[in-house]
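Position 1 is the first residue of the sequence; numbering continues from there.
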Amino acid sequence: MPHALRHLFTSAALVAFMALGSTLTASAQSADDPARRALIARATEMAIAIQHDDYRQRLLLAFMHSLPRAGAQTEAEALARLQPDPEVRARMLTELAGSAAGTGDVTLATRLANEVAGQLDSTGDPVAHAPLRAALATVFAQIGASDRALNMALAIPGAEARVETLNDMAPYLADPDRFRAALAALLQLRDDPTLTAPLSVEGFVVTLVQAGQVDAAIDLLGPPGNSEPSLNTVIALAEALIERGQTDAALDLRQRLGTAYLRDIATLRLLPALAEAGEGDRAAQLAEGIIAEMETAEITVDTIARLLWLVDVLPHLGLEAAMDGLQAIAVLSTDMKHAGLLADIAAEMDLLGRERLALATFSTALRLAAESDTLALQSQALVTISRGLRRAGRDITADEFLANALSLAQQSRHPLGDGSSLVYIARAQFQAGRPSEALATLSAALTAAEQYTSLGQFVILRDALQALADAT
């Protein structure tokens with residue numbers, strides 16, 4: 001969009017949305033939380049005003065999911081209809097239709113999907129706007145229009161796009177005949193010369209597992225080397241096998257994953273299922289093996305991910321194994337100077353009844369937080385400590401740490417750190433049952449975002465609305 005036109009659009013859109021906001025404000029007076037509506041209106045106005053076309057469009061598309069979840073479905077549709085570019089408007093309406101279908105509002109999803117489909121049909125070009133047609137096909141599957149969804153998916157140009165769309169549709173094809181028809185159409189693409197990667201059947205495999213047809217899912221996945229399944233597909237199938245008592249077969253599935261990191265994460269995610277199936281000793285041995293490897297390996301971002309999963313799964317393994325593992329990873333977290341991980345570990349120790357050790361670990365976490373390089377990092381570390389204390393039932397102390405975190409964030413002079421910290425604090429305030437304080441903190445984050453470039457505004461506005469939606 002030319003620079004001059006962009007400013008004209010931005011100005012006109014702001015005027016239109018602010019006019020809409022005046023009617024929304026009037027209706028919001030009877031709502032439970034006018035402050036929430038005011039925050040939504042402000043965030044949306046700021047999003048419309050972002051100068052960078054790509055960041056603005058990506059943010060507005062994200063809003064089509066977060067706004068309805070935050071109770072602002074009407075505002076989301078109005079925002080989409082403000083867009084002067086027909087293709088952008090259609091993309092936003094399609095995203096909103098998918099969001100509506102996901103929350104059970106079939107009436108709205110159907111109306112919007114039919115509207116966009118009509119616009120595409122009016123072009124007279126059945127292959128134009130392929131990405132939009134793919135998204136729309138999935139929406140039609142979500143609302144139960146399976147025949148229309150399948151016909152639209154099969155008309156999409158490009159074998160890879162059709163494969164992706166058919167897999168996306170699979171979970172929503174409740175009718176067995178439609179499911180089989182879609183799967184047959186997918187398998188016909190196996191030998192398509194334009195397909196540059198092994199045929200993916202992931203959507204159909206997971207759907208079969210969820211329907212209890214584990215053997216059919218295994219047959220469809222095929223032998224090792226046929227294709228590399230995703231982590232979530234392996235987990236879904238492995239958990240079903242563990243439930244049937246086929247532990248070895250379940251753990252063998254990990255070898256289909258392409259990296260040691262993914263195999264470790266799969267192992268960790270399967271530990272609770274193993275423990276529940278009476279394989280607690282085996283689960284503990286697997287956890288010990290991963291921890292032992294981490295103690296001698298170089299510390300990377302992947303190390304943190306493994307530690308986070310360990311904090312979650314170790315308590316499922318029984319008191320002795322859990323405490324041994326938590327103490328071992330507490331040493332690793334201290335060496336890494338990771339206050340947040342230590343706070344989570346301390347909370348689990350406290351919940352397991354080891355109060356003295358938990359308090360000592362919280363103390364170490366607090367020391368590491370104080371040693372953080374910036375006020376923003378100190379603030380975020382205190383939030384994590386507060387969250388851990390709250391999980392351990394120490395609400396009063398948790399509130400004190402959260403207040404200190406807010407004070408540090410307000411003192412920060414680093415714009416991105418300031419805004420990110422404030423959103424992080426707001427999430428903790430929502431979780432603590434303090435919605436009014438959280439809304440005020442999110443408002444402060446938006447104020448901080450006004451100093452940012454388009455990228456910074458994109459990040460803060462996206463995260464702020466996501467936090468609000470998650471708390472609704």
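A salt bridge does not link Glu239 to Arg269: none of the charged nitrogens lies less than 4.0 Å from a carboxylate oxygen.
For the pair Ile460 and Ala445, the tightest heavy-atom approach, listed with the atom from each and the gap, is CG2-O, 3.7 Å. Across every non-hydrogen atom of Met46 and Leu461, the tightest pair is CB-CD1, 3.9 Å. Between Leu262 and Leu231 the shortest heavy-atom distance is O-CD1, 3.8 Å. Across Ala347 and Gly388, no two heavy atoms sit closer than the pair CB-O, 3.1 Å. Here the shortest heavy-atom pairing between Phe401 and Ser386 reads CB-CB, 3.9 Å. Summarising the geometry of Phe63 relative to Thr44, their closest heavy-atom pair is CE2-CA, 4.0 Å, with the distance given to 0.1 Å.
In this structure, CH2 in Trp309 is found 13.0 Å from CG in Asp264, a value given to the nearest 0.5 Å. Within the model, atoms OG1 of Thr207 and CZ of Phe179 stand 5.0 Å from one another, a figure rounded to the nearest 0.5 Å. To the nearest 0.5 Å, atom CG of residue Leu136 and atom CE of residue Met152 are 4.5 Å apart. In this structure, the separation between CG on Asn404 and CD on Gln378 is 11.0 Å, given to the nearest 0.5 Å. For the atom pair CE (Met92) and CG (Leu82), the distance works out to 8.5 Å, reported to the nearest 0.5 Å. Atom CG of residue Leu422 and atom CG of residue Asp463 lie 12.0 Å apart, to the nearest 0.5 angstrom.
Remark: side-chain polar atoms of Thr94 are paired, donor with acceptor, to backbone N or O of Ala90 under 3.5 angstrom. Panel note: side chain Thr267, backbone Arg263; a donor-acceptor pair is recorded below 3.5 Å. A distance-only check finds a donor-acceptor pair linking the side chain of Gln83 to the backbone of Leu79 [under 3.5 Å]. In this structure, the side chain of Glu228 engages the main chain of Gly258 through a donor-acceptor pair within 3.5 Å. With hydrogens and angles disregarded, a donor-acceptor distance shorter than 3.5 Å links the side chain of His52 to the backbone of Tyr55. A donor-acceptor contact shorter than 3.5 Å links the side chain of Gln51 to the backbone of Ala49. A donor-acceptor contact shorter than 3.5 Å links the side chain of Glu202 to the backbone of Ser230. The backbone N or O of Leu59 sits nowhere less than 3.5 Å from a side-chain atom of Arg462 that would complete a donor-acceptor pair. Formation of a donor-acceptor pair under 3.5 Å by the Asn167 side chain with backbone atoms of Ser200 is found in this model. A donor-acceptor pair is defined here as one N or O able to donate and one able to accept, closer than 3.5 Å; such a pair exists between the side chain of Arg254 and the backbone of Leu251.
Aromatic ring centroids of Phe140 and Tyr172 lie 6.0 Å or more apart.
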Check step by step if side chain to side chain contact (heavy atoms under 4.5 Å, CB included) holds for Gln410 and Ile425. CA-CA 11 Å; Gln410 290 168 338; Ile425 291 166; over 6 Å; no
Thr447 vs Arg42, side chain to side chain donor-acceptor pair (under 3.5 Å): CA-CA, chis, key distance, verdict: CA-CA 10 Å; Thr447 299; Arg42 183 183 176 197; 2.8 Å; yes
CA sep, side-chain torsions, deciding dist, call: Asp85, Arg91, salt bridge (Lys or Arg N to Asp or Glu O under 4.0 Å): CA-CA 10 Å; Asp85 185 322; Arg91 286 177 61 199; over 6 Å; no
Worked check of salt bridge (Lys or Arg N to Asp or Glu O under 4.0 Å) between Arg387 and Asp344: CA-CA 8 Å; Arg387 183 184 64 197; Asp344 287 339; 3.0 Å; yes
Candidate pair Leu308 and Asp312, rule side chain to side chain contact (heavy atoms under 4.5 Å, CB included), full reasoning: CA-CA 7 Å; Leu308 287 169; Asp312 281 343; 5.8 Å; no
Could you please spell out the steps behind the side chain to side chain contact (heavy atoms under 4.5 Å, CB included) verdict for Asp33 and Arg37? CA-CA 7 Å; Asp33 201 347; Arg37 293 283 181 177; over 6 Å; no
Kindly determine whether Arg390 and Gln431 satisfy side chain to side chain contact (heavy atoms under 4.5 Å, CB included), including the steps that lead there. CA-CA 10 Å; Arg390 198 173 306 281; Gln431 293 166 358; 5.8 Å; no
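Atom CD of Glu276 is surrounded by 12 or fewer heavy atoms from other residues, nucleotides or ligands within 6.0 Å. Surrounding CD of Gln119 are more than 12 heavy atoms belonging to other residues, nucleotides or ligands, all under 6.0 Å away. Within a 6.0 Å radius of CD in Glu243, other residues, nucleotides and ligands contribute 12 heavy atoms or fewer.
A side-chain donor-acceptor contact under 3.5 Å links Thr441 and Gln429. Side-chain N/O atoms of Arg69 and Thr103 include no donor and acceptor closer than 3.5 Å. Donor-acceptor pairing under 3.5 Å is recorded for the side chains of Gln411 and Ser407. Of the N and O atoms on the side chains of Asp192 and Thr194, at least one donor lies less than 3.5 Å from an acceptor on the other residue. Side chains of Arg36 and Thr472: a donor on one and an acceptor on the other come within 3.5 Å.
No side-chain heavy atom of Gln466 sits less than 4.5 Å from a side-chain heavy atom of Val423. Under the 4.5 Å side-chain criterion, counting only non-hydrogen atoms from C-beta, Leu271 is not in contact with His316. Residues Thr165 and Met169 are in side-chain contact: their nearest non-hydrogen atoms beyond the backbone lie under 4.5 Å apart. Side-chain atoms of Leu108 and Arg111, non-hydrogen and from C-beta on, do get closer than 4.5 Å to each other. Two residues are said to be in side-chain contact when any heavy atoms from C-beta on lie closer than 4.5 Å; Leu468 and Leu439 meet this criterion. Using a 4.5 Å heavy-atom threshold, the side chains of Leu221 and Pro229 count as touching. Looking at heavy atoms from C-beta onward, Arg306 lies in side-chain contact with Tyr261 at the 4.5 angstrom threshold. Leu67 places none of its side-chain heavy atoms less than 4.5 Å from the side chain of Leu96.
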